[in-house]
Protein chains: 2
Amino acid sequence: MGSDGDHTTAKPKRAARLIDVARVAKVSRATAARALGGYGVVTPDTQQRVLEAAASLDYRVNDLARSMRSGRTLTIGVVVADISNSFTLTSIRGIIAAAAGAGYQSLVLNTDGDVEREREAVRVLREKRVDGLLIVPASRMEVEHLVSTRRHEAPIVLLDRFIDGFALDSVITDDFGGAHAAVRLLIERGHRQIGLLLGTAAHHGHQESEPVDTVSTVVERARGAAAAFAEAGLVLDPGLVRYAGSVAATAVAAARHLLARTPRPTAIFAGNEEMLLGALAAARELDLSIDRDLSLIGFDDAPWLAVFQPALSVVSRPTYELGQQAVNRLLAHINGESRLRRVELKTTVIDRGSIADLRS
Amino acid sequence: MGSDGDHTTAKPKRAARLIDVARVAKVSRATAARALGGYGVVTPDTQQRVLEAAASLDYRVNDLARSMRSGRTLTIGVVVADISNSFTLTSIRGIIAAAAGAGYQSLVLNTDGDVEREREAVRVLREKRVDGLLIVPASRMEVEHLVSTRRHEAPIVLLDRFIDGFALDSVITDDFGGAHAAVRLLIERGHRQIGLLLGTAAHHGHQESEPVDTVSTVVERARGAAAAFAEAGLVLDPGLVRYAGSVAATAVAAARHLLARTPRPTAIFAGNEEMLLGALAAARELDLSIDRDLSLIGFDDAPWLAVFQPALSVVSRPTYELGQQAVNRLLAHINGESRLRRVELKTTVIDRGSIADLRS
DNA sequence: GGCCGATGTGAGATCGATCTCTTATGCGAT
DNA sequence: ATCGCATAAGAGATCGATCTCACATCGGCC
């Protein structure tokens, strides 16, 4: 038997290190590193020897050691409230693709909308020395963990949120415009009793008034809807506005409340995917058919909407691109840019026919 | 005002290291590490001083250095074909939760079902020195990258797949049983013309025969369906079996083919989420109503099914638990267990009424 | 009084790759 | 023949936390 016991089965070797490669190739560690890393200068002949040695030993660089020495991990951290939401999921796909294109890995953590877990996630990612952070903050008030406390700290870019008076880049969509266009369309079609179903953080229950700590997207959508009313010279009845935590149960409850009013709303603007599902469920309970008994427009074009019957109108956002743009901004900061920017992407109304025309 | 230069804006400090904490607390690095890491022995008094020093400097451990020295990253790598599939997504949530409960981070990479990208993902994760790998392999044939080549290499557990004659743990569901029960139910209700729509890897097109390299889940579901036919003394017409890549377009095409046959199938067993969507889309094109004109049963209880109209019957699997169990097995191996196991979780048929009873 | 063991702390090596700095070699120009 | 310069490769420091081992101190006990 050999020196390391090649009994019957596999090879019980330890992982090969750079120094092992160097020994086999009969060069120094520095030269081996140059040959493998593609920097500095190496003779083609030497390079060849080193590459062969590395292959024969099945050498794999130790990323930890590399990052430790080089100071870069080539990894970005992503902190979101909920990966299973299809809006978030698509953004994440955009993020991962854009990051990978630039040679960066993405480390995604989710917080279920809990600020405490968000703080924890930021801490962990900083301990892992990620080169930058992409965050969808759960709160507009509790943001001290987003403040850079030192020089050369990994930069942060906010995704789908902005926070006023905060020196951070934001990449967002035009939520005001989207909600405005959606509600204006409802009004144009003759709807007057329009329920607004706005989704907030999951831990909020179902309530009538705006929660104190509401993220920017929700605020903007509420403002957009209100603006459409104002422009049409209509008064927005506060009783037709509901805020609900973005989970199935509360969304349905809130929708039930809206539909229980007299007169019953002829239309509902659902502020996100969960609200749309809640509105659908409540309508089904009451045996209301969409379009005929109740018009409906949602926010975010989720994949299931492609096959859903009846087809539902929504405000669509360039979600995948949102993630890509956020990565672009983050990489710019990682590479030393200091100028702050707020990128805003357009939203579009896709009318699939779930809005009845009451004028006819 | 404090001692460290609070000019006007932020503090331009570099990141504090352990040695800085040690200096402030007036102890050695070793002692500071003990106090912070909670190992070895330290006087309560010393511990207190160190903790205060760390807090005052806003010290954060450098995870890279720690992992490098300790040899453990407390991270598991997860390699899946597609995170946006709701089955995968739920498993991932189970994985992340179970891993977090044991103090492990999860690093999720997706491959879009491409074996080359899978190899690459495994390489990257090994370079990052993850402590273990959870993989949903894309192929049954090209698996050389799943073989451990050395001692003490990070263990691998297969998720939702098994590969025969391979010394790896698998955590799977009873796909045979699920498909068997689903098709038996169709047969019991009097269906004889039953289309089988089986989803394979995304890059496969739409084809009639089983692709050579089909993953275990699909093979088992096909076998389960066939067994139900055999038990009922029926012959399975090969023309009623279609394999399609798991993407919208091919799924719809395959479903169209099935529904174009004469006589038209009275029922379709859709082998996964995408196939179910494909079958729905094709049925809609032909204006077939579910239940009345076409019975349907799917595989995997996706979230959108909760509100989908008409309600659809499916084979449901304990997806979240699948992820958790996989983590359990992986942690066992990381902690030195060498016994191999194949864990199989039960499946259930949920009948929501999309299967007509032709006997009446 | 001296020895023992327990206890708390420090010095220094270590993990593995990279980076800086230095040295050796070769070739052309003067 | 010598100098200068470019090129290739090596030596050693470095990143930051942890771990081993050695050392100091102290109380108890014979």
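One finds no salt bridge joining B:Glu127 and A:Arg66 here, because no Lys/Arg side-chain nitrogen approaches an Asp/Glu carboxylate oxygen to under 4.0 Å. A:Arg29 has no carboxylate O lying under 4.0 Å from a charged side-chain N of A:Asp20, or vice versa, which leaves the two without a salt bridge. At a threshold of 4.0 Å, the pair B:Arg117-B:Asp112 counts as salt-bridged, since one of the basic side-chain nitrogens sits closer than that to a carboxylate oxygen. Remark: A:Glu52 does not engage A:Arg49 in a salt bridge, criterion side-chain N to carboxylate O under 4.0 Å. B:Asp169 and B:Arg341 are not joined by a salt bridge, as no carboxylate oxygen comes within less than 4.0 angstrom of a charged side-chain nitrogen. B:Glu153 and A:Arg14 are not joined by a salt bridge, as no carboxylate oxygen comes within less than 4.0 angstrom of a charged side-chain nitrogen. The existence of a salt bridge linking A:Arg126 and B:Asp58 is excluded, since no basic side-chain nitrogen approaches an acidic carboxylate oxygen closer than 4.0 Å. A salt bridge between A:Lys128 and B:Asp63 is present, with a side-chain N of the basic residue lying under 4.0 Å from a carboxylate O of the acidic one.
Residues of residues 65-74 of chain A having a heavy atom closer than 4.0 Å to DNA chain C, listed by number: A:Ala65, A:Arg66, A:Arg69.
Between the CG atom of B:Leu57 and the C1' atom of D:dG16 there is a distance of 15 Å, rounded to whole Å. Rounded to an integer number of Å, the gap from CZ of B:Arg29 to C1' of D:dA17 is 8 Å. Atom P of nucleotide C:dA17 and atom CD1 of A:Ile19 are separated by 9 Å, given to the nearest angstrom. In this structure, the CD atom of A:Gln48 is 13 Å from the P atom of D:dA9, given to the nearest Å. Here C:dT7 presents its P atom at 19 Å from OH of B:Tyr39, a figure rounded to the nearest Å. Across the protein-nucleic acid pair, B:Gln47 atom CD and C:dT7 atom P stand 17 Å apart, rounded to whole Å. Rounded to an integer number of Å, the gap from B:Lys128 NZ to C:dG16 C1' is 15 Å. Computed from coordinates, the B:Leu64 CG to C:dT14 C1' distance equals 17 Å when rounded to whole Å.
In this model, the phosphate group of C:dT18 is not approached by any side-chain N or O of A:Arg17 to a distance below 4.0 Å at OP1 or OP2. Phosphate proximity of C:dG8 to B:Thr31: absent, as no side-chain N or O sits under 4.0 Å from OP1 or OP2. Side-chain nitrogen and oxygen atoms of B:Thr46 include at least one within less than 4.0 Å of the OP1 or OP2 phosphate oxygen of C:dT9.
Taking five base pairs at each end of the helix from C:dG1-D:dC30 to C:dT30-D:dA1, the local helix axes there meet at an angle of 70°, rounded to 10°.
Considering every non-hydrogen atom in both A:Ser139 and A:Val215, the closest pair reads N-CG1, 4.4 Å.
For the pair A:Pro44 and A:Ala30, both in contact range of DNA chain D, the more 5′-proximal nearest nucleotide belongs to A:Pro44.
Taking only distance into account, the side chain of B:Arg34 never meets the base of D:dT18 through a donor-acceptor pair shorter than 3.5 Å.
Remark: side-chain polar atoms of A:Thr75 are paired, donor with acceptor, to backbone N or O of A:Thr73 under 3.5 angstrom.
Listed candidates were D:dG16, C:dA11, D:dT18. Nearest to the side chain of B:Ser28 is C:dA11. In the set C:dT9, C:dA17, D:dA9, C:dA17 carries the atom at the smallest distance from any side-chain atom of A:Tyr59.
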